[in-house]
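Order of appearance sets the numbers: ligands from 1, and atoms from 1 within every ligand.
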Amino acid sequence: MRILGIESSCDETSAAVVETGGHVLSNVIASSSHTFHASGGVVPEDAARKQVEYALPVVHEALQLANCDHESIELIAVTYGPGLLGSLLVGTTLARTLGSMWGTPVVGIHHTFGHLSSTWLHDGGAPNVQSFPILTLSASGGHTDLWLRTSHVKGELLGRTRDDAAGEAFDKGASMLGLPYPGGPSIARNAEGGNITAFPFPLPLHDSDTLDFSFSGLKTALKYTMRDAGELSPAQLQDLAASYQHAICLHLVDRIRRAVKEHACNEVHLVGGVSANTALRLLVQDAVSVPVRWPQHIRYCTDNAAMIACAAGFLLQENPIAMKNAWSTSATAPLEAFLER
Ligand code: KG4
Ligand code: ZN
């Protein structure tokens with residue numbers, strides 16, 4: 001089945017054509033993130049305006065690159081939340097409009113469910129075969145969740161952030177250090193060659209039994225470190241970026257290591273924008289004995305429509321009743337299906 005995915009939850013506008021199972025025929029992404037370099041974060045109204053500008057062209061290009069017309073699209077999958085309201089409205093309105101024009105069913109997909117499906121995306125050849133139960137860290141600018149999944153659509157949320165998301169810790173930290181948005185890639189670039197032990201940072205929630213996350217203490221520690229250090233030389237900036245990045249990664253790894261001890265799993269997956277971080281990938285591989293996977297390309301780590309289409313395919317395979325209801329009632333039905341234990 002060919003599925004058209006649409007993702008517009010933040011500052012990326014994306015459309016993709018994906019075959020059930022994860023074969024990506026096209027995945028077009030237009031981003032307005034460069035317009036937010038100076039502001040240190042996304043301005044919601046500006047992001048929504050850009051969504052309106054990019055929405056139709058990305059769908060058009062995705063169909064063209066996949067070499068198909070709308071008649072071969074059997075399902076439209078769109079992110080319905082969470083995200084910025086104005087941005088989301090553009091994508092959901094577009095999906096519903098195309099659905100009614102083409103007579104194609106439309107299904108709403110939870111953004112995190114999209115990220116959780118992203119390790120199955122591939123560009124042809126052998127499909128990605130993976131073995132449940134899978135422990136997945138989904139870490140982005142908006143959420144940081146630890147899931148234990150027994151199937152594509154069934155799982156238990158073991159832990160989540162109590163304050164900032166991991167990506168937010170990168171973004172806010174970068175802004176404090178005077179580095180451009182998005183902060184993850186900026187800090188990673190500046191951390192290269194830096195000394196990870198040059199500046200001490202706490203390990204949040206280490207002595208507590210929870211599998212939750214907390215990043216606000218690291219942000220505060222960065223603020224006081226910068227106050228005490230005064231003006232930073234380029235070498236000090238490099239060391240501080242490396243130490244701060246290492247502290248965020250160590251906290252993520254600490255939770256994953258604990259979760260793997262407490263819950264049997266065959267694999268660990270890292271998804272969401274933060275899974276693009278090389279230091280994190282290496283630390284997790286060192287910390288656990290099961291295979292560790294992340295999406296095949298960076299473009300599948302950060303927001304993209306291919307993961308939304310892929311998730312819809314899994315939902316249809318595993319829960320056709322929820323899908324049927326979703327078509328005839330509201331686009332929010334699949335969330336309940338996904339969170340059903
Ligand atoms: O999944 P995503 O594209 O959008 C949301 O759902 O939020 O994630 C974006 C987040 C941003 O906070 C960005 O700074 C972070 O992912 N990010 C990274 C890297 N690339 C993107 N964080 C750490 N290292 C990276 N290489
Ligand atoms: Zn995301």
Next item on the list: Please work out which of Cys301, Gly273, Gly114, Ala279 has its closest non-hydrogen atom nearest to atom 16 (O) of ligand 1.
Entry: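 The option holding the nearest heavy atom is Gly273.
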Notebook entry, point to check: Between the candidates His111, Met307, Lys172, which shows the shortest non-hydrogen contact distance to atom 6 (O) of ligand 1?
Noted result: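 Of the listed residues, His111 has the closest heavy atom.
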Check: Is there an N/O/S atom in His111 at a distance below 2.8 Å from the Zn ion (ligand 2)?
Finding: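 Coordinating: yes.
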For the [atom1] atom of [X] and the [atom2] atom of [Y], what is their distance to the nearest 0.5 Å?
{"X": "Glu7", "Y": "Asp303", "atom1": "CD", "atom2": "CG", "value": "4.5 Å"}
{"X": "Thr302", "Y": "His115", "atom1": "OG1", "atom2": "NE2", "value": "8.0 Å"}
{"X": "Arg149", "Y": "Phe113", "atom1": "CZ", "atom2": "CZ", "value": "8.0 Å"}

Interfacing atoms of ligand 1 (cut-off 4.0 Å, heavy-atom, [X]):
{"X": "Thr302", "result": "3 (O)"}
{"X": "Phe170", "result": "22 (N), 23 (C)"}
{"X": "Val274", "result": "16 (O), 18 (C), 22 (N)"}
{"X": "Gly142", "result": "7 (O)"}
{"X": "Gly167", "result": "12 (O)"}
{"X": "Asp171", "result": "11 (C), 12 (O), 13 (C), 14 (O)"}
{"X": "His115", "result": "1 (O), 6 (O)"}

Margin query: I'd like to know if the side chain of Ser14 pairs up with that of Asn304 as donor and acceptor (distance under 3.5 Å, no hydrogens or angles considered).
Written below: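 The criterion, which ignores hydrogens and geometry beyond distance, is not satisfied for Asn304 and Ser14.
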Note to self: Any donor-acceptor pair under 3.5 Å linking the side-chain atoms of Gln296 with those of Asp123?
What the structure shows: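 Absent: no donor and acceptor within the cut-off.
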Margin query: Tell me if a side-chain donor or acceptor on Asp212 pairs with a main-chain N or O of Arg160 at a distance below 3.5 Å.
Written below: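 Flag set: sc Asp212 to bb Arg160 pair under 3.5 Å.
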Next item on the list: Have a look at the Zn ion (ligand 2) and estimate, to 10 degrees, the angle subtended by NE2 (His115) and OD1 (Asp303).
Entry: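 It comes to 100°.
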Notebook entry, point to check: Relative to ligand 1, is Asp303 under 4.0 angstrom through side chain, backbone, both or neither, heavy atoms considered?
Noted result: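 Under 4.0 Å from ligand 1, Asp303 contributes backbone and side-chain atoms.
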Check: Salt bridge or not for Lys50 and Asp11, using N-O below 4.0 Å?
Finding: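 Looking at Lys50 and Asp11, the cut-off is not met.
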Check: Can a salt bridge be assigned to the pair Asp145 and Arg255 using a cut-off of 4.0 Å between side-chain N and carboxylate O?
Finding: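 The answer is no: the pair does not qualify as a salt bridge.
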Check: Is the shortest distance from a heavy atom of Pro185 to ligand 1 less than 4.0 Å?
Finding: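 It does, in that a heavy atom of Pro185 comes within the 4.0 Å cut-off of ligand 1.
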Checklist line | Trace of the ring pair (Phe, Tyr, Trp, His ring centres under 6.0 Å) decision for Phe199 with Tyr244 | finding: CA-CA 8 Å; Phe199 294 92; Tyr244 183 63; over 10 Å; no
Protein residue, atom and distance nearest to [atom], heavy-atom basis:
{"atom": "atom 25 (C) of ligand 1", "value": "Gly184 C, 3.7 Å"}
{"atom": "atom 24 (N) of ligand 1", "value": "Asn277 ND2, 3.0 Å"}
{"atom": "atom 9 (C) of ligand 1", "value": "Gly141 N, 3.8 Å"}

Notebook entry, point to check: Can Tyr300 be reached from Val284 by stepping across I, L, V, M, F, W or Y side chains whose heavy atoms are under 4.5 Å apart?
Noted result: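 Different clusters.
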